[in-house]
There are 4 protein chains.
Amino acid sequence: MKDEKPPTRIQKKNREVILDAALEVFSQEGFRGATLDRIAKVAGLSKPNLLYYFSSKDAIHEALLRGLLSTWLDPLRAIDPSGDPVEEIMGYVRRKLALARDYPRESRLFAIEILQGAPRIAPVLSGELRELVDETAGVIDGWAAAGRIAPVDPRHLIFSIWALTQHYSDFDVQIRAVLGDGDPFAGAEIHLEAVFRRILGGGPSLSGVN
Amino acid sequence: MKDEKPPTRIQKKNREVILDAALEVFSQEGFRGATLDRIAKVAGLSKPNLLYYFSSKDAIHEALLRGLLSTWLDPLRAIDPSGDPVEEIMGYVRRKLALARDYPRESRLFAIEILQGAPRIAPVLSGELRELVDETAGVIDGWAAAGRIAPVDPRHLIFSIWALTQHYSDFDVQIRAVLGDGDPFAGAEIHLEAVFRRILGGGPSLSGVN
Amino acid sequence: MKDEKPPTRIQKKNREVILDAALEVFSQEGFRGATLDRIAKVAGLSKPNLLYYFSSKDAIHEALLRGLLSTWLDPLRAIDPSGDPVEEIMGYVRRKLALARDYPRESRLFAIEILQGAPRIAPVLSGELRELVDETAGVIDGWAAAGRIAPVDPRHLIFSIWALTQHYSDFDVQIRAVLGDGDPFAGAEIHLEAVFRRILGGGPSLSGVN
Amino acid sequence: MKDEKPPTRIQKKNREVILDAALEVFSQEGFRGATLDRIAKVAGLSKPNLLYYFSSKDAIHEALLRGLLSTWLDPLRAIDPSGDPVEEIMGYVRRKLALARDYPRESRLFAIEILQGAPRIAPVLSGELRELVDETAGVIDGWAAAGRIAPVDPRHLIFSIWALTQHYSDFDVQIRAVLGDGDPFAGAEIHLEAVFRRILGGGPSLSGVN
DNA sequence: GATGAATGAGAATTCATTCAT
DNA sequence: AATGAATGAATTCTCATTCAT
């Protein structure tokens, strides 16, 4: 009756291969639109073999989201309350934009999930995420109260960071359609740098702008 | 030579009922996730009757998107090149946020479509939308050149407006999970008002904000 | 409670229009392949109106077959026992070929019906048709016994006439594919004229046969 | 680069079972009249399992026709230009009649397909079939020119052979209704033997004809 | 671990027919 | 006499999942 043998190398590798394939497919087609057939083909495995590693389509999706969430929250955790306010926040913006650039599939998967009512991650949102945001909001509030950044609703500031960075991965097609050639992220970096510095205001930086 | 008889009252009403039901379902489940069964149930019609009014699931979806697009572009068209720059842009922000508040289903439908690669509206994006954005960008560029707003990449500014306003409808669940009770849009209005005024700058106007 | 008013002119005309449209469609698509929609469109009437004149799809089909059968049997009835044997039979061949040429849709409709086991006209086949063939077979047998045509199984002779003439309408596509341009019926006439004269013999030619 | 694995035993057997069942059903009901349900029942398989072996109803039908065509053309290919003309042609007649007797379902399937305009095999008809007929027609023409058979249009002669033999399978129901008991093919053999010998001429009998 | 075979539960769509006017 | 509206009963096809090896 022993269970839970440690995963062999093959198991580990295959689970990763499957999750990567699933990410590819789920992020493009949504949960319902994705089929095990396509995931299996992308993964280069047989359909039953998929289900040997994950008990169901749902299980794959869940594993994917679970793995994703920590990656998604980490940059927020990295804000240092004792650092320089503007630089801390700008750092967060940059890390978030980098995530959007480097992991667009993850961003889209997450976006689709939320758009559809977050049926599978609602608990995390009102649990872990909310706590983390509350905490960070406290820090930001402190900075604002101390006059180290312009006054701002810290939660809405965080939403703004999410919105402005993820927009570049989630609405990629639209952005490219409007911009034509060229890397949207190059422009995004410069733009968001300016935008957030203005929003945060802060001593001399304000004066020079404009 | 067209034989198209004008739609009767019943036809008009039922087509509307169906489109409304379809919007409800498509915006929640995506195209693939939506079933005619559910749409029919929401519309209070039988499934074959649905197909009496629209020839296929696809046709319903298309009619929905087509109707949506003009509503979505109108606020951009309303920007007046001869108006006050800051007020014109702020007006656009407000109209866009109102749309997100009042038509969240439409916003989500649109978001899902783009997220999945815009298979059905790509032409509009690189056609009508791009032209409209180009035009507006020209206007904004003029304002910036004249020093009437802070220098800014006009296209990315427009993206920012889209991102920040639609975020409140598209990521509604997440926002509510984080904020708890209360109307997110109330906070959003205040926040975006401040944010965009800072972005657009405007000499002395900064001092008094918030 | 009076019933069965005599059909008005409109009724008569519409029934004919419907039957013609039905012939067109049934002969091309078969019974199951044909749809009331298509028949209605070809007839230029609405679907419910079709069913005002004929109570069901089946009823249309049946009316069609019933009307067809007498046309189909008439040429056989026209054989005159007191006429010249070869000329009587050749006349039948010619009339049958003319039918195939002028009424290919009827021929195909009939063929499809038989091919599918004649579910709707089996009684006629083993009733009226069989009697008529028996009768004609007697006549032919008499001619053969009298040495006025070459000896031949009269029923199989009749089958041969049917087969050789109807082939030109029923397998029209194949024949045209093989022959290329030109009117297949022109060649058919000459060919069948020769073929049947040889089969029936003709004075001296008979001597060596059988 | 082809990945097509060789079919396993089960695959081979099941594909055959399905094709046989499909032949049964398609030849009785036509393409539209046939349902996967009936085919599955006849084959003793579940409906989805049918579609595991053939991707669609159409695919089954196509596989069926494809397999059929070579069988159908082979007897024509077997005519030996260097053989005795009358015996070669009589041999073809006999082989074709045997086919009609032994493979009536195939004959009917083919007939239905042609009757409905040969939507799926038109290319073969005007390609392979036409070439083969042209070739054989050349041989027959040579025989006629050499006076070894009575003069005849070779293509129409071939049509006559097709018509007279296939009639016994395609119009089976009608023939049995007319003949009553007994094997129609027994009579057919004798009849066609005489008929074609007379058509082709043969020694003295030719003298008077034409 | 891996895969060919099989299937039940849907899903979209078609179609003959009925209803109401 | 005619037709717009509506539907129940198929029918084809898809798909997650299971079975057997």
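Throughout, a chain's letter reflects where its sequence line sits, starting with A, and its residues are numbered from 1.
Here the P atom of nucleotide dG4(E) and the CG atom of Leu51(A) are 14 Å apart, to the nearest Å. The interatomic distance linking Tyr52(B) (OH) with dT14(E) (C1') rounds to 15 Å, in whole Å. If you measure from atom CG of Asp37(A) to atom P of dT18(F), you get 16 Å, rounded to the nearest angstrom. Between the NZ atom of Lys57(D) and the P atom of dT14(F) there is a distance of 14 Å, rounded to whole Å. Separating the CG atom of Leu45(A) from the P atom of dT3(E) is a distance of 7 Å, rounded to the nearest angstrom. When rounded to the nearest whole Å, the span between NE2 of His61(D) and P of dT11(F) equals 17 Å. In this structure, Gln11(D) atom CD and dA5(E) atom C1' are separated by 9 Å, rounded to whole Å. The CD atom of Glu29(B) sits 11 Å away from the P atom of dA11(E) (whole-angstrom rounding).
Counting any heavy atom pair closer than 4.0 Å across all strands shown, Thr8(A) reaches sugar-phosphate atoms only and no base atom. Thr35(A) comes within contact range of the sugar-phosphate backbone alone, with a heavy-atom separation under 4.0 Å but no base atom that close. Within 4.0 Å (heavy atoms only), Ala40(C) reaches no atom of the nucleic acid at all. Note on Ala59(D): nothing from the nucleic acid sits closer than 4.0 angstrom, heavy atoms only.
Between Leu36(D) and Leu50(B), the one whose closest nucleotide on DNA chain F sits nearer the 5' end is Leu50(B). Projected onto DNA chain E by closest heavy-atom contact, Asn49(A) and Gly33(C) fall at different nucleotides, the more 5' of which corresponds to Asn49(A). Mapped onto DNA chain F by nearest heavy atom, Gly44(C) and Arg32(A) fall at different nucleotides, with Gly44(C) at the one closer to the 5' end. Taking the nucleotide of DNA chain E with the nearest heavy atom to each of Asn14(D) and Lys47(D), the more 5' of the two is matched to Asn14(D).
Panel note: side chain Glu113(A), backbone Arg120(A); a donor-acceptor pair is recorded below 3.5 Å.
You'll find the side chain of Leu51(B) stays beyond 4.5 Å of the side chain of Lys57(B), heavy atoms only. For the pair Phe110(B) and Ser27(B), the minimum side-chain heavy-atom distance is 4.5 Å or more.
Which of dT3(E), dC15(E), dT13(E) sits closest to the side chain of Pro48(A) comes down to dT3(E).
With a cut-off of 3.5 Å on both Watson-Crick or G-U wobble distances, the partner of dG10(E) is given as dC13(F). Of the nucleotides present, dC19(F) is the one that pairs with dG4(E) by Watson-Crick or G-U wobble criteria, both distances under 3.5 Å.
Just one residue in the list Arg108(D), Arg105(D), Lys41(D), Arg38(D) forms a salt bridge (Lys or Arg N to Asp or Glu O under 4.0 Å) with Glu24(D), and that residue is Arg105(D).
Ring planes of Phe31(A) and Phe26(A): parallel class, angle under 30° (limits at 30 and 60°).
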